[in-house]
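A short write-up of the structure that comes next.
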Amino acid sequence: MLDILGTIGGNVLSLPGILGLALGMMTRKLWLGALMGGVVGVIETLIFAGWQLDHVETLELVIAIVVGVCAGSIGTAIRLKGATV
């Protein structure tokens, strides 16, 4: 259980979370922000696996994609809503 929570926390504070949020804030289309965040999740997992698909664990890849999609969607929502309430 701690391994899963550590993987989620690491992805939120790593490229899928931060870069996914930033890329999501660059667009007003929700699907595009989510897609860019998911792509960042895949690329980040491949980078840390040394670009070898043999070293990629399925759970890590799924968590990175989900975190990236959520971060990209939140970034787009921030862009759409703006700083005013």
Quick check: is [Y] connected to [X] through a chain of hydrophobic side chains (ILVMFWY, heavy atoms under 4.5 Å apart)?
{"X": "Val67", "Y": "Leu5", "answer": "no"}
{"X": "Phe48", "Y": "Val62", "answer": "no"}
{"X": "Val66", "Y": "Ile63", "answer": "no"}
{"X": "Met26", "Y": "Leu32", "answer": "yes"}
{"X": "Val39", "Y": "Val56", "answer": "yes"}

Drop me the distance from [X]'s [atom1] to [Y]'s [atom2], to the nearest 0.5 angstrom.
{"X": "Ile8", "Y": "Glu60", "atom1": "CD1", "atom2": "CD", "answer": "11.5 Å"}
{"X": "Cys70", "Y": "Asn11", "atom1": "SG", "atom2": "CG", "answer": "11.5 Å"}
{"X": "Thr7", "Y": "Leu61", "atom1": "OG1", "atom2": "CG", "answer": "12.0 Å"}
{"X": "Leu35", "Y": "Leu30", "atom1": "CG", "atom2": "CG", "answer": "11.0 Å"}
{"X": "Leu19", "Y": "Glu44", "atom1": "CG", "atom2": "CD", "answer": "10.0 Å"}
{"X": "Leu59", "Y": "Asp3", "atom1": "CG", "atom2": "CG", "answer": "7.5 Å"}

Smallest separation among heavy atoms of [X] and [Y], with atom names:
{"X": "Leu15", "Y": "Val40", "result": "O-CG1, 3.5 Å"}
{"X": "Ser73", "Y": "Ala34", "result": "OG-CB, 3.6 Å"}
{"X": "Met36", "Y": "Leu23", "result": "CE-O, 3.1 Å"}
{"X": "Ala71", "Y": "Gly17", "result": "CB-O, 3.5 Å"}
{"X": "Thr76", "Y": "Thr27", "result": "CG2-O, 3.7 Å"}
{"X": "Leu13", "Y": "Ile18", "result": "O-CD1, 3.3 Å"}

